[in-house]
Structures are given as structure tokens and as C-alpha cells.
Amino acid sequence: GVVMNGMRIEAIMDRLADNVSFDMLSRVLVDVQLDSSKIMDDLLSGYQRSLLNMIFLGDALNRSKFCVILAEGMQPRLPARHYVDGAEYELELKQVLGTIFISDDI
């Protein structure tokens with residue numbers, strides 16, 4: 001089966017949702033990834049927990065997860081090539097997205 005969780009970020013530390021940096025967002029995402037396994041473990045029955053441990057060879061708490069990030073916009077708004085030039089913006093995006101192989105303007 002599949003379990004999907006969702007959250008809406010209204011603020012991180014002293015920044016409201018319309019002014020959150022990628023650095024802050026990446027820290028929250030790491031915490032959510034780690035804590036979601038603990039939360040799910042509390043909701044599972046013993047039988048479900050044993051099945052997960054069997055499938056993931058005893059490492060069910062570290063199973064693969066995927067994040068989907070939706071945003072109304074991104075500042076500064078630049079052509080896509082500026083976000084993959086090895087400079088500041090690409091480094092910030094990498095914290096959240098991982099390695100960026102290609103970018104195109106939409």
C-alpha cells in the first residue's frame with residue numbers, strides 16, 4: 001500500500017511562508033522525513049510492522065520516501081539557466097532537490 005502525508009508551511013522560525021529560504025526548508029524536510037517514519041511506526045499494528053521489517057530487511061524506519069513540493073512562486077524569478085550555473089542559487093536548490101541535471105524555462 002501507499003501512505004501519503006501532507007503539510008502546509010505557514011512559517012519557519014521568524015519567516016512567514018512567503019519568505020522561507022531553501023536552507024530553512026531543507027532543514028524542515030529532513031525533520032519531516034525522519035519523524036514520519038516514527039509517526040507511522042506508532043500507527044502500525046504489530047503485524048504490519050513485522051511485514052515492513054521483513055520487506056525492508058529489518059530497516060523499515062529507513063525506507064525510501066519521496067517529497068513533493070508545491071509553491072506559488074520562487075524569488076528571485078530568473079531564467080532557468082541561472083539556477084544551474086554552479087553559483088549561489090543552484091547550491092541552495094541542491095539542498096532541497098538534490099543534483100539538478102537539466103533546467104528549462106516554462
Measuring from atom CD of E88 to atom CD of E92, what distance do you get when rounded to the nearest 0.5 angstrom?
5.5 Å
Working to the nearest 0.5 angstrom, can you tell me the gap between Y89 OH and L78 CG?
5.5 Å
So CZ of R8 and CG of L70: to nearest 0.5 Å the spacing works out to 11.0 Å
If we ignore hydrogens and angles and just use 3.5 Å, is the side chain of E10 paired with the main-chain N or O of A17 as donor and acceptor?
no
Is there a side-chain contact between D41 and I39, using heavy atoms and a 4.5 Å cut-off?
no
Quick one: closest heavy-atom pair of Q95 and D23, and the distance?
OE1-OD1, 2.9 Å
Whether D105 side chain and P79 backbone form a donor-acceptor pair below 3.5 Å
no
How close do C67 and L29 get, counting heavy atoms only, and between which atoms?
SG-CD2, 4.3 Å
Please give me the minimum heavy-atom distance between F22 and V96, naming the atom from each residue.
O-CG2, 3.6 Å
Out of curiosity, D59 CG to L52 CG, how far, rounded to the nearest 0.5 Å?
11.5 Å
Apply side-chain contact (heavy atoms from CB on, under 4.5 Å) to the pair L44 and L51, showing each step before the final yes or no.
CA-CA 10 Å; L44 297 173; L51 284 176; over 6 Å; no
Between T99 and F101, is there a side-chain heavy-atom distance shorter than 4.5 Å?
yes
Quick one: pull up CG in L97 and CD1 in I69 and give me the separation to the nearest 0.5 Å.
5.5 Å
Restricting to non-hydrogen atoms, name the atom on Q33 and the atom on F66 that form the minimum distance, rounded to 0.1 Å.
NE2-C, 4.4 Å
Taking C-beta and beyond as the side chain, do M24 and D14 meet within less than 4.5 Å on heavy atoms?
yes
Run the numbers on D104 and I102 for side-chain contact (heavy atoms from CB on, under 4.5 Å), then give the verdict.
CA-CA 7 Å; D104 288 307; I102 190 169; 4.3 Å; yes
Between L16 and I9, is there a shared hydrophobic cluster once you connect ILVMFWY residues whose side-chain heavy atoms come closer than 4.5 Å?
no
Are K65 and S37 packed together at the side-chain level, in the sense that at least one heavy-atom pair is separated by less than 4.5 angstrom?
yes
What heavy-atom pair brings R81 and S103 nearest, and what distance separates the two atoms?
N-OG, 4.0 Å
Separation of L91 CG from I100 CD1 (nearest 0.5 Å)
9.0 Å
I need the minimum non-hydrogen distance between V28 and M7, along with the two atoms involved.
CG1-CE, 4.0 Å
Tell me, do M40 and R63 make a side-chain contact under 4.5 Å, heavy atoms counted?
yes
